[in-house]
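For reference, the structure is listed below as structure tokens.
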Number of protein chains: 2
Amino acid sequence: MARVTISDVARTVGTSKKTISRVLNNDPNVSESMRQRVAAAVAALNYRPLTSARSLAANRSFMIGLLYDNRSPSYIMEVQAGVLEACEAQHYSMMVQPLVSMAPDFVERVEDILSRHRPDGLILTPPITDHPQLLDCLRRQGVPFASIAPRQPEACIGVMLREREAAAAMVEHLVSLGHRRIAHILGDPEHGAGIWRLAGYRDGLARAGLMEDPAYMVQGRFSFESGVAAMRRLLALPLRPTAIFAADDDMAVGAIWAAAEAGVSIPGEISICGFDDTTIATQVWPPLTTVRQPVREMGQRATQELLVRVLNKGEARMVEVDYEMRIRASTAPPP
Amino acid sequence: MARVTISDVARTVGTSKKTISRVLNNDPNVSESMRQRVAAAVAALNYRPLTSARSLAANRSFMIGLLYDNRSPSYIMEVQAGVLEACEAQHYSMMVQPLVSMAPDFVERVEDILSRHRPDGLILTPPITDHPQLLDCLRRQGVPFASIAPRQPEACIGVMLREREAAAAMVEHLVSLGHRRIAHILGDPEHGAGIWRLAGYRDGLARAGLMEDPAYMVQGRFSFESGVAAMRRLLALPLRPTAIFAADDDMAVGAIWAAAEAGVSIPGEISICGFDDTTIATQVWPPLTTVRQPVREMGQRATQELLVRVLNKGEARMVEVDYEMRIRASTAPPP
DNA sequence: GGAGTCCATGTCAGCCCTGTCAGGTACGGT
DNA sequence: ACCGTACCTGACAGGGCTGACATGGACTCC
């Protein structure tokens, strides 16, 4: 059962390879009747063009690359699912590349991928979105890329969300419940998400006329463990906060865990809320109040913009998607 | 900055393209001195072979495909990480394809990928491992594949784990704590994992001389929600079990959630344990007793076996990896 | 010393497509 | 009748690499 090639189809139809190619690539200059005859033959022979041959001849790969640095698996899986959906819609394929953005050979590794596979574009996820040398390198080489939640959204195409505003809204929610002593577990200070959410927390306090208290601002690193550690410190304070806004769900879940460990009732004694609305937010007890980011949609939208640019189908932009508050049982009025 | 090709390297060294090719492909018939000169030129020019050209000429893609049907994201991410590690070691790349194994065009979609990208091999994850038409199709077409935890491990290469034995060991653990009324939340009856873990549960009961009670065997579907539903049914029984073995962590976490909802103390009133040791197992309260599957390693080992077959480097096999009991705070003696 | 063997290297065609450009037809306007 | 234009189609030449085979020199063996 040898491979069916474009020549076989051409022979069957009684035309040239080029015409078959045109039909397959939706070239406008083909008569309707020819289009139909070709389509019939393609279906009959079950012909499918070989990607590597197409790539070589057309000098593009029909593939985009998704680069990520170990954030939470559920985040990446959601992004990946969205990217794949958008790729599929344009008959593109996706290759994924996990990377360590702190590694000394980081940029080199990306260059390696670029020169071996020549992806037509890249999707960058935080924190890779903000790696100056990488961005330089991509711009110099003219490789199109789209970013998800980059720190400098003006400079790129992709997708973003008003995280600062959302964080402020979350603090407002706590304030409206009656809380006055509201702590924040900070995210990674290098990540845009960490910076924006902290800024939003401050906005929220300011709007409510509350003073910032350094003791109530504990550094975390967007991980469950760092949430546990931060919560232990907060619980050790002489005057405990009555509400805690963690910069992501993983840390919020860690905070809930540490509260359980210490026998502190949530939300009875302390309210806790997070950010992201990952799967785990509804699987812990009590269900976590959080801000929903439509991560899958963000992957999809970013990819759509990337493909607009790659395929020259118009002006690609930085798209903004909306957050949604998810008020659940982990927040309640203070005791 | 035009692309550096193999011809540029050949010109620089003063030899033929073929010799460069031989060096790059580790062909044995090259003199040491030539090998070094070529290596130097490759490094100097920063040359990297173009994958699509290699694929076209060599009639192989230097790529394997990972097929999955929406299991839990953390499971897939772990498998994917393992597969990527093993690929990298052999300078292979990976493409992923999420699929719906119940879809009517399932096999056709896989065939599409096969003929377009010609992956040199496939990694199958449950439940795709057990799709008879797909296996037929792959065998007919001679496409190498490796399976992770297939239902019929004798017939394939890949990786497996003694799940039945592990499930029995878990029941034994509960029995040793003094439990006599032990319930089971079943996994998907179509999945090998569901079948083996149920069998192991029965083995465990039998070994302890305990009778099976149909009321204590509640159907689940390997999802959090199904675990919640199953737990609600168990809690409604006139004589509640004192321990519950859920066929996976997601369902166990669902059971813990439903217990919290009902105000039932874990492990005070009921002990709960799961299977898999996914991330969430240590993030819920109380931390979940479970069986650890080395999922990442499994992805890696399966890929190694696949590449052994693909590269004809010996006899590929069905590898067995070990489980480990993780006894945590969710199990304790009955009240 | 001649045949056989082995190894290192080179030549050339071809993998399967698409870009380029030329050719050919149909139709409308002058 | 002629030209211009628009549209459709085909011939051809690669894209960058490797497989098959040829070549030529060094070495072995009787």
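Naming convention: chains lettered A, B, ... in sequence-line order (proteins, then strands); numbering from 1 in each chain.
A:Tyr47 comes within 4.0 angstrom of sugar-phosphate atoms only, judged by non-hydrogen atoms across all strands, and of no base.
Rounded to an integer number of Å, the gap from CZ of B:Arg54 to C1' of C:dC16 is 18 Å. Remark: P of D:dG16 and CZ of B:Arg11 are 12 Å apart, rounded to the nearest angstrom. The distance between atom CG of A:Leu24 and atom C1' of C:dC17, rounded to the nearest whole Å, is 10 Å. Regarding A:His117, its NE2 atom lies at a distance of 17 Å from the P atom of D:dG16, rounded to whole Å. The nearest whole Å value for the distance from the CZ atom in A:Arg60 to the C1' atom in C:dC17 is 13 Å. Across the protein-nucleic acid pair, A:Asn25 atom CG and C:dG19 atom P stand 7 Å apart, rounded to whole Å.
For the pair B:Arg37 (side chain) and B:Val13 (backbone), a donor-acceptor distance under 3.5 Å is present. Side-chain atoms of A:Ser93 never come within 3.5 Å of backbone atoms of A:Met63 as a donor-acceptor pair (strictly under, hydrogens ignored).
Around atom CD of B:Glu320, more than 12 heavy atoms belonging to other residues, nucleotides or ligands sit under 6.0 Å away.
A salt bridge links B:Arg11 with B:Asp8; the closest basic N to acidic carboxylate O contact falls under 4.0 Å. Ion pairing between A:Glu305 and A:Arg309 fails under the 4.0 Å rule for side-chain N and carboxylate O.
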| Just by protein heavy atoms under 4.0 Å, how would nucleotides 5-15 of chain C read 5' to 3' in B, S and -? | ---SBBB--BB
| said: Pair B:Glu297, B:Glu85 - check side-chain contact (heavy atoms from CB on, under 4.5 Å), show working. | reply: CA-CA 9 Å; B:Glu297 184 192 339; B:Glu85 275 172 35; over 6 Å; no
